[in-house]
There are 2 protein chains.
Amino acid sequence: MSFKQELFSQFARVGKALSNGNRLELLEFLAQGERSVEQLSKVAGLTVANTSQHLQQLRHAGMVSCRKEGLKVYYSISGDDVIHLLDALRAVAERHVSDVQHLVNTFLTVKDDLEPIPRSELLERARDGLVTVLDVRPPEEYAAGHVPGAVNIPLQELEQRLGELGKEQEVVAYCRGPHCVLAFDAVARLREKGMKARRLEDGYPEWKIAGLPVEESQTASPE
Amino acid sequence: MSFKQELFSQFARVGKALSNGNRLELLEFLAQGERSVEQLSKVAGLTVANTSQHLQQLRHAGMVSCRKEGLKVYYSISGDDVIHLLDALRAVAERHVSDVQHLVNTFLTVKDDLEPIPRSELLERARDGLVTVLDVRPPEEYAAGHVPGAVNIPLQELEQRLGELGKEQEVVAYCRGPHCVLAFDAVARLREKGMKARRLEDGYPEWKIAGLPVEESQTASPE
DNA sequence: CTAGTAATCAACTAATCACTTGAATACTAT
DNA sequence: ATAGTATTCAAGTGATTAGTTGATTACTAG
């Protein structure tokens with residue numbers, strides 16, 4: 001029954017795509033929207049050639065697709081099922097691998113205080129002016145699409161631009177996904193300054209997939 | 001930001017667990033219920049030592065847990081989220097990796113005729129006596145739990161025991177999971193004999209997770 | 001205590017993988 | 001054409017992985 005083995009090794013090809021930390025990081029960035037090879041290589045801290053190789057593996061596993069436009073090649077996640085797969089992977093890692101829990105716990109000062117706010121709640125509370133929505137991703141990613149009304153302050157600039165956020169107002173921060181550290185970090189820093197801050201559950205890709213409204217800036221890269 | 005890298009490599013550990021065909025096969029068997037190392041090694045066609053090593057990797061990734069009883073060590077899937085992860089993996093592989101589709105297509109004579117029947121439909125149609133439910137897994141797995149009223153005829157015996165299935169009655173076959181070949185094979189053979197046969201969507205683990213009723217025989221291995 | 005069984009461990013080989021480097025391709029602008 | 005840029009290809013190296021084999025541990029039955 002060689003058919004069986006063939007089949008399992010095809011599945012394993014998808015598994016292999018998930019077996020490397022750098023590839024998972026690339027996938028997390030790609031979950032934001034399409035990106036060029038160069039952008040991805042910078043953000044993941046890899047050489048361009050290496051990034052290209054990883055992307056090709058992901059493409060062979062059917063997880064990303066690419067589109068050539070002029071000189072640049074834009075890669076993107078090839079379907080919502082891939083995002084679901086990534087979330088399922090995260091769920092298992094988070095629930096079972098105690099090291100992950102430990103990492104998250106030690107990174108955050110107080111865990112229980114950091115309950116994320118559900119997506120469903122955010123929209124109405126933002127509309128009522130009860131919270132300020134803070135997008136801590138880099139401007140390019142913000143431009144490509146963000147939660148309506150969100151203020152964009154990249155993490156590096158947070159300390160200087162604290163004034164832009166109301167001292168009393170509760171801040172809800174979000175970033176790339178449920179385990180992107182940016183929002184965790186932002187919340188931790190805001191809390192250090194004595195501000196009320198929470199994290200949005202998950203991140204922008206999940207928000208978008210959930211069918212909630214998004215806003216795009218004019219400088220956005222083409223979708 | 002070494003925290004980020006740590007985190008991604010923890011996720012990658014789970015990904016690595018999914019990166020080998022034999023491990024995926026072991027997981028599929030484990031999705032049926034708990035199994036001893038020896039059972040698993042036989043069914044996957046691996047040596048006991050090698051099986052043990054794979055199982056330990058899975059355990060490190062938090063995907064399976066084990067329980068020692070006397071001489072034997074019984075492994076089992078450590079949570080429903082693991083089954084969801086496996087399904088998400090399958091979904092991506094199936095949808096995107098054209099080779100898988102090709103494999104499935106060539107293996108089955110006519111694809112469009114082989115639409116699986118949804119779980120929800122099966123129960124009522126079986127109750128009304130419209131279909132015969134056929135479990136083509138080995139007797140041990142059948143004994144450990146099966147769809148109520150299902151007839152157990154392992155694939156090898158199918159040809160001889162054809163008489164047990166009504167000639168006119170439609171047969172719905174199921175096995176271990178959405179891509180276990182047993183049910184595909186059974187349907188193909190029954191159709192060759194001119195019988196009406198379809199596959200149940202997914203397999204037994206998904207049935208059980210969906211909270212649908214199951215039946216257990218007295219010879220079942222402990223759950 | 002002894003023999004026997006289930007599982008794991010330890011040491012090893014062949015294969016695969018991640019990453020680097022330098023060259024090649026594909027496209028754009030001058 | 002020519003130079004310049006983004007990406008891919010090809011070849012090589014060190015690290016990791018899959019699987020084999022034989023020894024070792026943990027337990028049971030006589």
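Proteins get letters first, then strands, A, B, ... in listed order; numbering begins at 1 in each.
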Report all interatomic pairs (protein N or O, nucleotide N or O of nucleotides 25-30 of chain C) with separations under 3.5 Å.
none

Answer yes when [X] and [Y] have at least one side-chain N-carboxylate O distance shorter than 4.0 Å, and no when they do not.
{"X": "A:E69", "Y": "A:R67", "result": "yes"}
{"X": "A:E28", "Y": "A:R90", "result": "yes"}
{"X": "A:R119", "Y": "A:E206", "result": "no"}
{"X": "A:E141", "Y": "A:R176", "result": "yes"}
{"X": "B:R161", "Y": "B:E164", "result": "yes"}

**Request:** Enter the distance from B:Y75:OH to B:C66:SG here, rounded to the nearest 0.5 Å.
**Result:** 4.5 Å
**Request:** Kindly compute the distance separating NE2 (B:H54) from CG (B:L46), expressed to the nearest 0.5 Å.
**Result:** 5.5 Å
**side chain to side chain contact (heavy atoms under 4.5 Å, CB included) evaluation trace for A:Y174 with A:L134** = CA-CA 6 Å; A:Y174 73 91; A:L134 171 63; over 6 Å; no
Whole angstrom value for the distance that separates [atom2] of [N] from [atom1] of [X]:
{"X": "B:E25", "N": "D:dG19", "atom1": "CD", "atom2": "P", "answer": "11 Å"}
{"X": "A:R67", "N": "D:dT7", "atom1": "CZ", "atom2": "P", "answer": "12 Å"}
{"X": "A:Y74", "N": "D:dA6", "atom1": "OH", "atom2": "C1'", "answer": "10 Å"}
{"X": "B:L58", "N": "D:dT17", "atom1": "CG", "atom2": "P", "answer": "14 Å"}
{"X": "B:L40", "N": "C:dA6", "atom1": "CG", "atom2": "C1'", "answer": "13 Å"}
{"X": "B:R35", "N": "C:dA7", "atom1": "CZ", "atom2": "P", "answer": "13 Å"}
{"X": "A:R59", "N": "D:dT7", "atom1": "CZ", "atom2": "C1'", "answer": "12 Å"}

**Message:** Please classify the nucleic acid contact of A:V37 as base, sugar-phosphate, or nothing, using heavy-atom distances under 4.0 Å.
**Reply:** sugar-phosphate
**Prompt:** Is B:T51 touching bases, backbone alone, or none of the nucleic acid, heavy atoms closer than 4.0 Å?
**Reply:** nothing
[X] side chain N/O closer than 4.0 Å to the phosphate oxygens (OP1, OP2) of [N]?
{"X": "A:Y75", "N": "D:dT8", "answer": "yes"}
{"X": "A:Q56", "N": "D:dC9", "answer": "yes"}
{"X": "A:S52", "N": "D:dT7", "answer": "no"}

**Request:** Could you run through nucleotides 17-24 of chain C and give me one letter per nucleotide, 5' to 3': B if any protein heavy atom sits under 4.0 Å from the base, S if only the sugar-phosphate is that close, - if neither?
**Result:** SSBBB---
**Request:** Carefully, step by step, assess B:N22 and A:F8 under the rule side chain to side chain contact (heavy atoms under 4.5 Å, CB included).
**Result:** CA-CA 7 Å; B:N22 287 329; A:F8 278 115; over 6 Å; no
